[in-house]
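These notes are about the structure you will find just below.
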Amino acid sequence: MLYYFFRYLHDHFHVPGTGVFQYTTFRAGLAVVISLLIAQIFGGRLIRLLQKKQVGESIRDLGLQGQNEKKGTPTMGGLIILLAILVPVLLLARLRNIYIILMLISTVWLGLIGFLDDYIKVFRKNKEGLSGRFKVLGQVGLGLTVGWVLFFSNEVTVRQYLLPNGALSEVDASKIYHDVHLMITTVPFMKNNELNYGDLFATAGSFFNGLYSLFYIPIVIFLITAVSNGANITDGLDGLAAGTSAIIGITLAIFAFVSGNALLADYLDVMFIPDSGELVIFCTAFVGACIGFLWYNSYPAQVFMGDTGSLALGGIIAVLALIVRKELLIPILCGVFLIENLSVILQVSYFKYTKRKYGEGRRILRMSPLHHHYQKLGYHESKIVSRFWIVGIMLAVITLVTLKLR
């Protein structure tokens, strides 16, 4: 909104200083500031309101150190994150941008699913919350929406340049170019690193080549569901999910900035995605929201984000990666979420297998997800969180290295 207001002042009245709002970098920096201010100003008030309404976390006795001290801590703090993301983006971003629209829909969609889950747990006193199948149904619905838009919308394009020999390239900042709707993605650690999803069906004939949306959209659904649930599972220690998400958000902001800048895309030999630079504003608001929330969520936590925040964080990360065509980097970038997910899957699968085979269930870890395993080993909660953050930073650096390491 402010973007359009100051642009109007600049174009029609030439008010000095208003032209700065045309720069993505300025608006991105301002988004961080506003996001942090919202988290600080409204965070404390929301926590006091939640305490007044007795919106406290019910704790299952798992025999973990410091667990009973968390009983009664306000939950649904993800509302702070959602507010700190949505307000700066609505104020500063170009709201007609297809990618910004997708990110706003994803944030609100998953935020509502998480809020409904927390509401049932807290106010209906149902510890199970929203049924798992309804959660998955909501995630699949968002995946269908995002996949459909990315696959069929003509506003989702990449830029192809005409080379002197008549060939086409996604990277070569010549003056002759055209923006085309192509479903291509980046393959890490490869020299010719563009993969066209349509090529996977090219050998099957023209009929099947036109149906490769049947392959792409399920990938989108799977990634959104997996990363969203991964963030949800990771949200088990004070500051773990928020800090890890902030690290991932900074990485995605860099990718969005590079992919949305023709000169940088040419220099780093990555595909240029028109209009994707606007996502930098969303990413910086996202990072500001996570860091602002950490003020209250760091050990010992004054508030938990609940599913309201964790489901939204994971979904946002997945959709951002899909838009900037870096979905194949998700296993590296979101490695913390991945290992937390896998630890639960392996633990449950091995327990069921050994129970069928030996009549008694056995475990790989002392407890899943993985962060609880380390708690059982005697590590302090803050040490586990700090080390997971360090791993997250290392994975983020490896992800960024793929820009040049091929």
Checklist entry - Can the ring centres of Y3 and F21 be said to be less than 6.0 Å apart? => result no
N/O donor-acceptor pairs under 3.5 Å from side chains in residues 99-106, not counting sequence neighbours:
unit_1: S106; atom_1: OG; unit_2: L102; atom_2: O; d: 2.8

Checklist entry - Okay, side chain of T284, backbone of A28: is any donor-acceptor separation there less than 3.5 Å? => result yes
Checklist entry - Do N232 and D307 meet the criterion of a side-chain donor-acceptor pair at a distance under 3.5 Å? => result yes
Checklist entry - Quick one: does S35's side chain have a donor or acceptor within less than 3.5 Å of a partner on A285's backbone? => result yes
Item to check | Donor-acceptor contact present, side-chain W109 to main-chain G138, <3.5 Å | outcome: yes
Next on the checklist: Can you confirm whether P88 sits close enough to I281 that some side-chain heavy atom of one is under 4.5 Å from a side-chain heavy atom of the other?
Outcome noted: no
Next on the checklist: Please check: side-chain N/O of T186 versus main-chain N/O of K326, any donor-acceptor pairing under 3.5 Å?
Outcome noted: no
Checklist entry - Short question: side chain of D238, backbone of S298 - any donor-acceptor pair under 3.5 Å? => result no
Next on the checklist: A quick test of your reading: do over 12 heavy atoms of other residues, nucleotides or ligands sit less than 6.0 Å from NZ of K357?
Outcome noted: no
Item to check | Whether over 12 other heavy atoms sit under 6.0 Å from F189 CZ | outcome: yes
Checklist entry - Regarding R159 and the six-membered ring of Y177, is the cationic atom NZ or CZ under 6.0 Å from the ring centre and inside 45° of its axis? => result yes
Item to check | Q40 backbone acceptor or donor facing Y296 side chain under 3.5 Å | outcome: yes
Checklist entry - Taking the side chain from T225 and the backbone from F222, do they hold a donor-acceptor pair closer than 3.5 Å? => result no
Checklist entry - Hey, are the side chains of I233 and F337 touching, using non-hydrogen atoms and a 4.5 Å cut-off? => result no
Checklist entry - Hey, is the main chain of Y350 close enough, under 3.5 Å, to the side chain of R362 for a donor-acceptor pair? => result no
Checklist entry - Any side-chain heavy atom of V20 within less than 4.5 Å of one from H10? => result no
Checklist entry - Below 4.5 Å, heavy atoms only, C-beta onward: do R325 and M271 meet side chain to side chain? => result yes
Checklist entry - Are R27 and E278 within salt-bridge range, i.e. N to O under 4.0 Å? => result yes
Next on the checklist: Under 3.5 Å, is there a donor on one side chain and an acceptor on the other for T157 and D179?
Outcome noted: no
Checklist entry - Do T75 and V303 have side-chain heavy atoms sitting under 4.5 Å apart? => result no
Checklist entry - Got a sec: does the OH of Y4 have more than 12 other heavy atoms crowding it under 6.0 Å? => result yes
Next on the checklist: Strictly by ring-ring contact (aromatic ring centres under 6.0 Å, His included), give each pair with a member in residues 131-150 just once, sequence neighbours left out.
Outcome noted: W148-F152
Give the table of side-chain donor-acceptor pairs shorter than 3.5 Å for residues 243-259, with sequence neighbours excluded, one pair per line with atom names and distance.
unit_1: T244; atom_1: OG1; unit_2: L240; atom_2: O; d: 2.7
unit_1: S245; atom_1: OG; unit_2: A241; atom_2: O; d: 2.8
unit_1: T251; atom_1: OG1; unit_2: I247; atom_2: O; d: 3.1
unit_1: S259; atom_1: OG; unit_2: F255; atom_2: O; d: 2.9

Checklist entry - Are side-chain heavy atoms of Y197 and I184 found at a separation under 4.5 Å? => result no
Item to check | pair I85-I316: side-chain heavy atoms closer than 4.5 Å | outcome: yes
Next on the checklist: Using only atom types and a distance under 3.5 Å, with no angle test, would you say the side chain of W295 pairs donor to acceptor with the backbone of G43?
Outcome noted: no
Item to check | Close side-chain approach of Q139 and N229, heavy atoms under 4.5 Å | outcome: yes
